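Everything numeric in this text was worked out from a predicted model, so none of it was measured. Counting starts at 1 for both ligands and their atoms, following the listed order. Below, all heavy atoms of this structure are taken into account, side chains as well, without hydrogens, waters or symmetry copies.
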Amino acid sequence: MKTTDKPVIFSGIQPSGELTLGNYIGALKNWVNLQEEYTCLFSLVDLHAITVRQNSKEFHKQCYDALAVYLAVGLDPEKNNIFLQSHVPAHSQLAWILNCYAYVGELNRMTQFKDKSGKNKDNINVGLFTYPVLMAADILLYQTKLVPVGADQKQHVEIARDIAIRFNNIYGDIFTVPEVYHPPLGARIMSLQEPTKKMSKSDDDAGATIFLLDSPDVIVKKLKRAVTDSEAEVVYDQKNKPGVSNLLTIMAAVSDRSVDDIVSEMQGQGYGKFKTAVADSLVEFLQPMQERYKKLRDDQAYLDSVLKTCAERVVKLGETTLKTVYITEER
Ligand code: AQP
């Protein structure tokens, strides 16, 4: 089944807190690069975000903050569909059906479920468990070809593929089987404090994460505190020098340079100078984006119009697949 002539991309970010540099390098940057070649659906996946308890007033604000970030990094709402997941009921409708084609055993293997249920012991809700099925619905609803995400989401895209293949084997060619797309550089940006752990929105140590709206002063402070190692040589070696390698990846990604180029520039400079160079490149990249963000965030009417116009388009796109699935199930 086909929805448009161009192949389709679907991806999303949870508006569950301030967006991070990990979200940018692992996801948003690639969305911007791919937006010309594909029919793109970029969602603020609010239904996923409520699998962890949110403060409703704060959450409402965060949805708009994240929308303004999407636009400020360069996603064009004229060319792309930028929308709140909850504005398109077909996501939940298809998710229920797919729940009946997903197995408890395969969901039990999901590392994100294990991590998050470990972190939220007082709220291990069913939504957290079936999260990958809702994500499969997000993807399969639009006959998605490519899912550009960070490395942590690979397992979820694989389960979406498995469910699509399983459904197609029973009912015929209903769903496009999606492929995962990871960026060539920066599929897993690491914590600045524990560089063997993913940089994350909800890290207890705010110094571990660069937020896209951090001020230059804060960025400089976080970089100064970033964990490296006891040597002083700027070399890319993920296994033995995870902190330095992470900083090299970050600098390369935001300045569109190669890691090798930065390594040769930093020969004999020591970690102090290296960290200053990383901070400078981050500030240089983030400042103009933050200027655009401020203007966009102040224009509530514009943000509302983007959500409304895109949701109208997306609702129609989603209906096509859902109808086919309903008819198929009745056969
Ligand atoms: N550190 C990262 N490196 C590369 N890509 C990353 N992504 C997230 N962190 C990194 C990618 O960003 C997209 C959206 O992520 P998400 O909102 O589903 O998850 P999250 O940012 O990890 O946030 P959570 O789950 O709300 O909370 P935390 O971070 O506290 O666990 C995805 O494409 C993801 O790969």
Side-chain angles (χ1 to χ4, degrees), residues 9-34 40-55 58-59 62-63 65-67 69-70 73 75 82 84-85 110-120 123 127-128 131-132 134-136 138-139 144 146-158 160 178-206 208-213 222 226 238 242-243 245-247 249-250 252-254:
I9 277 185
F10 176 92
S11 198
I13 297 180
Q14 302 179 75
S16 50
E18 271 189 61
L19 300 201
T20 71
L21 189 63
N23 294 136
Y24 177 73
I25 298 175
L28 288 164
K29 182 173 195 266
N30 313 295
W31 302 358
V32 173
N33 290 340
L34 295 164
C40 296
L41 294 112
F42 297 128
S43 188
L44 299 149
V45 287
D46 52 347
L47 298 176
H48 283 288
I50 60 168
T51 54
V52 172
R53 202 67 78 225
Q54 304 292 336
N55 169 312
E58 191 58 22
F59 186 50
Q62 282 165 199
C63 290
D65 294 346
L67 170 63
V69 169
Y70 275 25
V73 296
L75 293 175
I82 298 172
L84 267 174
Q85 185 187 26
M110 297 294 111
T111 50
Q112 180 175 292
F113 175 68
K114 288 180 200 162
D115 289 351
K116 292 216 166 173
S117 50
K119 279 192 206 158
N120 301 281
N123 182 23
L128 202 57
Y131 182 114
L134 178 58
M135 184 161 155
D138 299 338
I139 296 167
T144 299
L146 208 61
V147 188
V149 284
D152 59 314
Q153 292 299 322
K154 181 168 185 263
Q155 216 184 10
H156 288 169
V157 179
E158 278 165 5
E179 279 158 33
V180 73
Y181 173 95
H182 294 312
L185 182 77
R188 187 185 292 273
I189 298 298
M190 308 311 256
S191 151
L192 298 187
Q193 288 302 310
E194 278 181 74
T196 49
K197 198 178 97 180
K198 189 190 93 162
M199 182 181 281
S200 146
K201 288 189 198 100
S202 63
D203 201 305
D204 291 335
D205 182 350
T209 303
I210 301 278
F211 294 103
L212 293 175
L213 301 177
K222 286 181 179 177
Q238 260 185 327
S245 304
N246 190 40
L247 297 185
T249 304
I250 289 173
V254 298

Colleague: Tell me the protein heavy atom at minimum distance from atom 32 (C) of ligand 1, and give that distance in Å.
Modeller: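 Of the protein heavy atoms, Gln153 CG, 3.9 Å lies nearest.
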Colleague: Evaluating non-hydrogen atoms only, which member of Lys119, Lys198, Lys201 is closest to atom 22 (O) of ligand 1?
Modeller: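 Nearest heavy atom to atom 22 (O) of ligand 1 lies in Lys198.
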Colleague: Just jot down the ligand 1 atoms closer than 4.0 angstrom to any heavy atom of Ser202, in number order.
Modeller: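 Taking each heavy atom of Ser202 in turn, ligand 1 has 28 (P), 30 (O) under 4.0 Å.
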Colleague: For atom 15 (O) of ligand 1, what's the nearest protein heavy-atom neighbour? Residue, atom name and distance, please.
Modeller: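 Of the protein heavy atoms, Asn23 ND2, 3.4 Å lies nearest.
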Colleague: Between Gln85 and Asp138, does any side-chain donor sit less than 3.5 Å from a side-chain acceptor?
Modeller: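 Result is yes, a qualifying pair exists.
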Colleague: Quick one: nearest non-hydrogen protein atom to atom 3 (N) of ligand 1, plus distance?
Modeller: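 The protein heavy atom lying closest is Ile189 N, 2.8 Å.
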Colleague: Run the numbers for me: atoms of ligand 1, each under 4.0 Å from some heavy atom of Ala187, listed by number.
Modeller: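 Atoms satisfying the 4.0 Å criterion: 3 (N), 4 (C), 5 (N).
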Colleague: Inspect the surroundings of CG in Asn55 and state if more than 12 heavy atoms from other residues, nucleotides or ligands are less than 6.0 Å away.
Modeller: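 Atom CG in Asn55 is packed in, count exceeds 12.
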Colleague: Going by atom types alone, do Asn23 and Thr20 pair a side-chain donor with an acceptor below 3.5 Å?
Modeller: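 Note: Asn23 and Thr20 side chains meet the donor-acceptor criterion.
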Colleague: Rounded to the nearest 0.5 Å, how far does CG of Leu134 lie from CG of Leu47?
Modeller: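 Result: 6.0 Å between the selected atoms.
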Colleague: Among all protein heavy atoms in this structure, tell me which lies nearest to atom 28 (P) of ligand 1, with the distance rounded to 0.1 Å.
Modeller: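 Looking only at protein heavy atoms, the one closest to atom 28 (P) of ligand 1 is Ser200 OG, 3.2 Å.
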Colleague: Examine Met199 against ligand 1 and note whether any of their N/O atoms are separated by less than 3.5 Å.
Modeller: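 N/O-N/O distance under 3.5 Å: yes.
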Colleague: Check Gln54 against Gln62 and note the closest heavy-atom contact, atom names and distance.
Modeller: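 Closest approach of Gln54 to Gln62: OE1-NE2, 4.1 Å.
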Colleague: Atoms of ligand 1 less than 4.0 Å from Ser16 heavy atoms?
Modeller: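 Counting atoms of ligand 1 from 1, those under 4.0 Å from Ser16 are 26 (O).
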Colleague: Which of the atoms of ligand 1 are close to Lys116, meaning less than 4.0 Å from one of its heavy atoms?
Modeller: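 Answer, ordered by atom number: 24 (P), 25 (O), 26 (O), 27 (O), 31 (O).
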Colleague: Quick one: CG on Leu19 to CG on Asp65, what's the gap to the nearest 0.5 Å?
Modeller: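 These two atoms lie 8.5 Å from each other.
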Colleague: Has His48 got any heavy atom lying under 4.0 angstrom from an atom of ligand 1?
Modeller: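 No heavy atom of His48 comes that close to ligand 1.
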Colleague: Which bit of Gln14 is near ligand 1, meaning a heavy atom under 4.0 Å away: side chain, backbone, both or neither?
Modeller: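 Within the 4.0 Å criterion, Gln14 contacts ligand 1 through backbone and side-chain atoms alike.
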Colleague: Taking atom NZ of Lys198 and atom OG1 of Thr209, what is their separation to the nearest 0.5 Å?
Modeller: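 Here the rounded value is 9.5 Å.
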Colleague: Under the criterion side chain to side chain contact (heavy atoms under 4.5 Å, CB included), which of Val149, Ile82, Ile13 is the partner of Trp31?
Modeller: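 Among Val149, Ile82, Ile13, the one meeting side chain to side chain contact (heavy atoms under 4.5 Å, CB included) with Trp31 is Ile13.
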Colleague: Can you measure from CD1 (Ile50) to CZ (Phe59) and round to the nearest 0.5 angstrom?
Modeller: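 That separation rounds to 7.0 Å.
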Colleague: Which heavy-atom pair separates Gly12 from Tyr70 by the least distance, and what is that distance?
Modeller: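 In this case the closest contact between Gly12 and Tyr70 is C-OH, 4.0 Å.
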Colleague: Check contact between Asp152 and ligand 1, using heavy atoms of the residue and a distance below 4.0 angstrom.
Modeller: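 For ligand 1, residue contact (heavy atoms, under 4.0 Å) with Asp152 is present.
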Colleague: Would you call Gly186 a ligand 1 contact, heavy-atom distance under 4.0 Å?
Modeller: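 Within the 4.0 Å threshold, so yes.
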Colleague: Which option wins on minimum heavy-atom distance to atom 6 (C) of ligand 1: Gly150, Gly22, Gly12?
Modeller: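 Residue with the shortest heavy-atom distance to the ligand atom: Gly22.
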